[in-house]
Amino acid sequence: MTANIAYDDVEVGTELPAQTFPVTRDTLVRYAGASGDFNPIHWNEKFAKEVGLPDVIAHGMFTMAEAIRVVTDWLGDPGAVVEYGVRFIKPVVVPNDDQGALIEVSGKVAAKLDDNTVRVDLTATSAGQKVLGMSRTVVRLA
């Protein structure tokens, strides 16, 4: 596969389509099974509160993976991601109800680089708070 977006068709400031990703306790249990990360802060409310958290929180790597979907969906090719990094600044708190939490993600082309690559900066929030900082990816365009 190749990215569906051409380098010449984007400019600094090009905005990617924003997306919202729901997260429920069920989502966290499924992710724990797939990733092997069974830390009780991600599924046991009592334990999470005992260690000072407001409630169960989403896995950081899950949050990071959801955020990059804005880029991979825009590109049409996950293999076009050259590098990706974030800082975890706030947890995604997931209440035990029918709605859970939402991760809202937007992205913008921040720089055009060499070799048909661009840097995309992402903003990820949940419950009105930024949850990822320095969320940046470099992608290779067509």
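Side-chain contact between Thr125 and Val131 is absent, with no heavy-atom pair separated by less than 4.5 Å. Looking at heavy atoms from C-beta onward, Phe47 lies out of side-chain contact with Lys49 at the 4.5 angstrom threshold. Counting only heavy atoms from C-beta outward, the side chains of Asp73 and Gln19 approach each other to under 4.5 Å. Counting heavy atoms from C-beta on, the side chains of Leu16 and Val120 come closer than 4.5 Å. The shortest distance between side-chain heavy atoms of Asp121 and Lys108 does not fall below 4.5 Å. Residues Val105 and Thr123 form no side-chain contact, since every pair of their non-hydrogen atoms from C-beta on lies 4.5 Å or further apart. Side-chain contact between Leu132 and Leu122 is absent, with no heavy atoms from C-beta onward closer than 4.5 Å.
The distance from atom CZ of Arg119 to atom CG of Leu113, rounded to the nearest 0.5 Å, is 7.5 Å. In this structure, NZ in Lys112 is found 8.0 Å from CG in Leu141, a value given to the nearest 0.5 Å. Rounded to the nearest 0.5 angstrom, His59 NE2 and Asp37 CG are separated by 4.0 Å. In this structure, the separation between CD1 on Ile41 and CG on Asp55 is 11.5 Å, given to the nearest 0.5 Å. The OH atom of Tyr31 lies 15.5 Å from the CG atom of Asp26; values are rounded to the nearest 0.5 Å. Expressed to the nearest 0.5 Å, how far CZ of Arg69 lies from CG of Leu75 amounts to 14.0 Å.
At least one donor-acceptor pair under 3.5 Å links the side chain of Ser126 to the backbone N or O of Leu102. Looking at Thr24, its side chain does come within 3.5 Å of a backbone N or O of Thr27 through a donor-acceptor pair. Thr117 places a side-chain N or O within donor-acceptor distance of the main-chain N or O of Asp114, the cut-off being under 3.5 Å.
Two different hydrophobic clusters hold Ile103 and Trp43 under the rule that ILVMFWY side chains link at heavy-atom gaps under 4.5 Å. No path of Ile, Leu, Val, Met, Phe, Trp and Tyr side chains, each step under 4.5 Å between heavy atoms, connects Val23 with Leu53, placing them in separate hydrophobic clusters. Met61 is connected to Phe21 through a chain of hydrophobic side-chain contacts under 4.5 Å among Ile, Leu, Val, Met, Phe, Trp and Tyr, so both are in one cluster. Criterion: ILVMFWY side-chain heavy atoms under 4.5 Å apart, direct or through other members. Under it, Val138 and Tyr7 are not part of a common hydrophobic cluster. Put simply, Phe62 and Ile57 are part of two different groups of oily side chains (I, L, V, M, F, W, Y) that touch within less than 4.5 Å, one to the next.
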Show which side-chain atoms of residues 87-97 pair as donor or acceptor with protein atoms under 3.5 Å away, not counting sequence neighbours.
residue : atom : partner : partner atom : Å
Asp97   : OD1  : Gln99   : N            : 3.0
Asp97   : OD1  : Gly100  : N            : 2.6

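Salt bridge status for Arg136 with Glu83: absent, with no side-chain N to carboxylate O gap under 4.0 Å.
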Report task. Go through the steps to decide whether Thr137 and Ile68 satisfy the test side-chain contact (heavy atoms from CB on, under 4.5 Å), and finish with yes or no. Result -> CA-CA 8 Å; Thr137 184; Ile68 196 68; 3.9 Å; yes
